[in-house]
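The structure appears below as structure tokens.
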Amino acid sequence: MSLKDQLVDKRLPSHVAIIMDGNGRWAKQRGNARVFGHKHGVKAVREVTEAAAELGIQYLTLYAFSTENWNRPKTEVDALMSLLVSTISSETSTLMKNNVRLNTIGNRESLPSGVQAKLQGCIEKTSSNTGLTLTLALSYSSRWEIIEAFKCVASKVKDSQMDINDINANLISDHLSTGGMPDPELMIRTSGEHRISNFLLWQLAYSELYFCDVLWPDFRRDDFYRALLNFQGRERRFGKTGDQIKK
Ligand code: IPE
Ligand code: IPE
Ligand code: MG
């Protein structure tokens, strides 16, 4: 039986988040510049997006560029920004074909205006699609997002639009850039690194974490199915005992 056929439909996560890591090492192994790895990472994005859409997963969130990634050499940052523009141009048809809606989280204003315009065009074009919501985390970091949420809540309290006792977990979730989305049930990180790197700190509170050694440009549908199968084999307890869960 193929890996895909082993998946149990009703136990699929509704939201999968991925830290796409290892592009630079992939390129280095081949004696190439880091940007070569980023270019080859696009195929992995396409495969995972199509696989998630086909399976009926509702949300896929990909960490594409972190706040901290601005500290990389300017040549790499510039190359990543141009790649973003060309990828959106070439992949919008794939999104339309697969009924995928594009969304972004992160500090969009910090992106070059050309990137912002491309993103906006694609977001508008795909806005009526009803299948998978693909969220790209761009110029994103969880601490940035939490600071923004704090500022927003604090100003509402100050202007008496809200009482301090209205602050609860749901309200905080709603003020994050993922507001309205369920928390990811599964978070995948490629390339053998075992850390979160400032990604969805609040939202990952009870996510299952899956780490694999595959470098992102090599990540294919079967690697994605393997992660989902591993997820389906886990018992999610949310603080309860195993016996309580089995009832
Ligand atoms: C992930 O690959 C892509 C981005 C962070 C933009 P890296 O570029 O981090 O690749 P490694 O981790 O250096 O191999
Ligand atoms: C995390 O990867 C950010 C993205 C995948 C976009 P990094 O490669 O930047 O993370 P660290 O620096 O190894 O933690
Ligand atoms: Mg990395």
Side-chain angles (χ1 to χ4, degrees), residues 15-49 52 59-88 90-91 102-112 114-116 118-119 133-148 176-178 181 184 186-204 207 209-220 223-224 227:
H15 185 176
V16 179
I18 307 184
I19 301 179
M20 311 184 287
D21 199 13
N23 297 352
R25 280 163 282 167
W26 188 91
K28 208 169 172 193
Q29 282 173 5
R30 286 159 180 77
N32 276 297
R34 296 175 54 84
V35 59
F36 183 72
H38 299 315
K39 284 187 181 145
H40 281 266
V42 175
K43 187 173 162 67
V45 172
R46 191 185 311 126
E47 288 233 348
V48 170
T49 304
Y59 298 94
L60 176 68
T61 299
L62 303 178
Y63 204 5
F65 191 84
S66 73
T67 307
E68 291 76 18
N69 289 151
W70 289 113
N71 298 321
R72 292 191 177 191
K74 188 175 181 304
T75 47
E76 181 169 346
V77 171
D78 290 349
L80 277 164
M81 294 300 143
S82 327
L83 182 63
L84 205 50
V85 169
S86 60
T87 304
I88 296 162
S90 63
E91 298 301 319
L102 184 73
N103 177 43
T104 63
I105 54 173
N107 186 0
R108 241 213 268 176
E109 284 161 28
S110 66
L111 297 168
V115 174
Q116 290 186 42
K118 271 280 167 202
L119 285 168
T133 298
L134 171 67
T135 300
L136 297 181
L138 290 168
S139 192
Y140 171 88
S141 75
S142 196
R143 286 184 174 179
W144 168 81
E145 166 186 67
I146 290 169
I147 292 165
E148 292 300 303
L176 298 174
S177 50
T178 49
M181 294 186 208
L186 171 65
M187 196 287 288
I188 301 170
R189 185 174 189 150
T190 59
S191 87
E193 305 296 354
H194 295 180
R195 57 178 170 267
I196 306 291
S197 301
N198 218 348
F199 189 44
L200 304 175
L201 300 178
W202 172 276
Q203 299 89 331
L204 295 181
S207 307
L209 307 181
Y210 177 87
F211 299 98
C212 65
D213 289 335
V214 181
L215 301 176
W216 180 252
D218 288 330
F219 199 84
R220 291 292 173 267
D223 298 297
F224 186 56

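In each ligand, atom 1 is the first atom listed, and ligand 1 is the first ligand listed. These figures come from a predicted structure and were not determined experimentally.
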Contact between ligand 1 and [X] is defined here as a heavy atom of the residue under 4.0 Å from a ligand atom; is it met?
X: K28; answer: no
X: E193; answer: no
X: G22; answer: yes

Ligand 2-proximal atoms of F65, by part, heavy-atom distance under 4.0 Å: backbone
Protein heavy-atom partner closest to atom 10 (O) of ligand 1 - residue, atom, separation in Å: G24 N, 2.9 Å
Minimum-distance protein heavy atom relative to atom 14 (O) of ligand 2: S197 OG, 2.6 Å
Flag, side chain of D21 to backbone of L215, donor-acceptor distance under 3.5 Å: no
Side-chain donor or acceptor of S207 paired with backbone N/O of M187 under 3.5 Å: no
From the candidates R72, R25, M20, the one that places a heavy atom nearest atom 7 (P) of ligand 2: R72
Closest candidate by heavy atom, reference atom 1 (C) of ligand 2, pool D21, I19, T190: I19
Polar proximity ligand 2 side, N69 side, N/O cut 3.5 Å exclusive: yes
From K39, H38, R46, residue fulfilling side chain to side chain contact (heavy atoms under 4.5 Å, CB included) relative to V42: R46
Aromatic plane relationship, H15 with Y59 - under 30° parallel, 30 to 60° tilted, over 60° perpendicular: tilted
Atom indices of ligand 2 within 4.0 angstrom of R195 heavy atoms, with elements: 11 (P), 13 (O), 14 (O)
Cation-aromatic face contact R72/W70, 6.0 Å, 45 degrees: no
Test log, rule salt bridge (Lys or Arg N to Asp or Glu O under 4.0 Å), inputs E193 and R25: CA-CA 12 Å; E193 305 296 354; R25 280 163 282 167; 3.1 Å; yes
Atom indices of ligand 1, in the order listed, that fall short of 4.0 Å to a heavy atom of A64: 6 (C)
Counterpart residues, salt bridge (charged side-chain N to carboxylate O under 4.0 Å, His left out), relative to D218 (two or more places apart): none
Residues which pass salt bridge (charged side-chain N to carboxylate O under 4.0 Å, His left out) with R108, listed by chain and number, not counting sequence neighbours: none
Within 6.0 angstrom of R143 CZ, more than 12 heavy atoms from elsewhere: no
For S141, side chain to side chain donor-acceptor pair (under 3.5 Å) partners two or more places apart: T67
Close N or O approach (R34, ligand 1; < 3.5 Å): yes
Steps toward side chain to side chain contact (heavy atoms under 4.5 Å, CB included) verdict (T133, L60): CA-CA 6 Å; T133 298; L60 176 68; over 6 Å; no
The Mg ion (ligand 3) - number of protein N/O/S atoms closer than 2.8 Å: 1
Criterion side-chain hydrogen bond (donor to acceptor under 3.5 Å, both in side chains) on S66 and N69, from CA distance to verdict: CA-CA 5 Å; S66 73; N69 289 151; 3.1 Å; yes
Sub-4.0 Å heavy-atom approach of R189 to ligand 2: yes
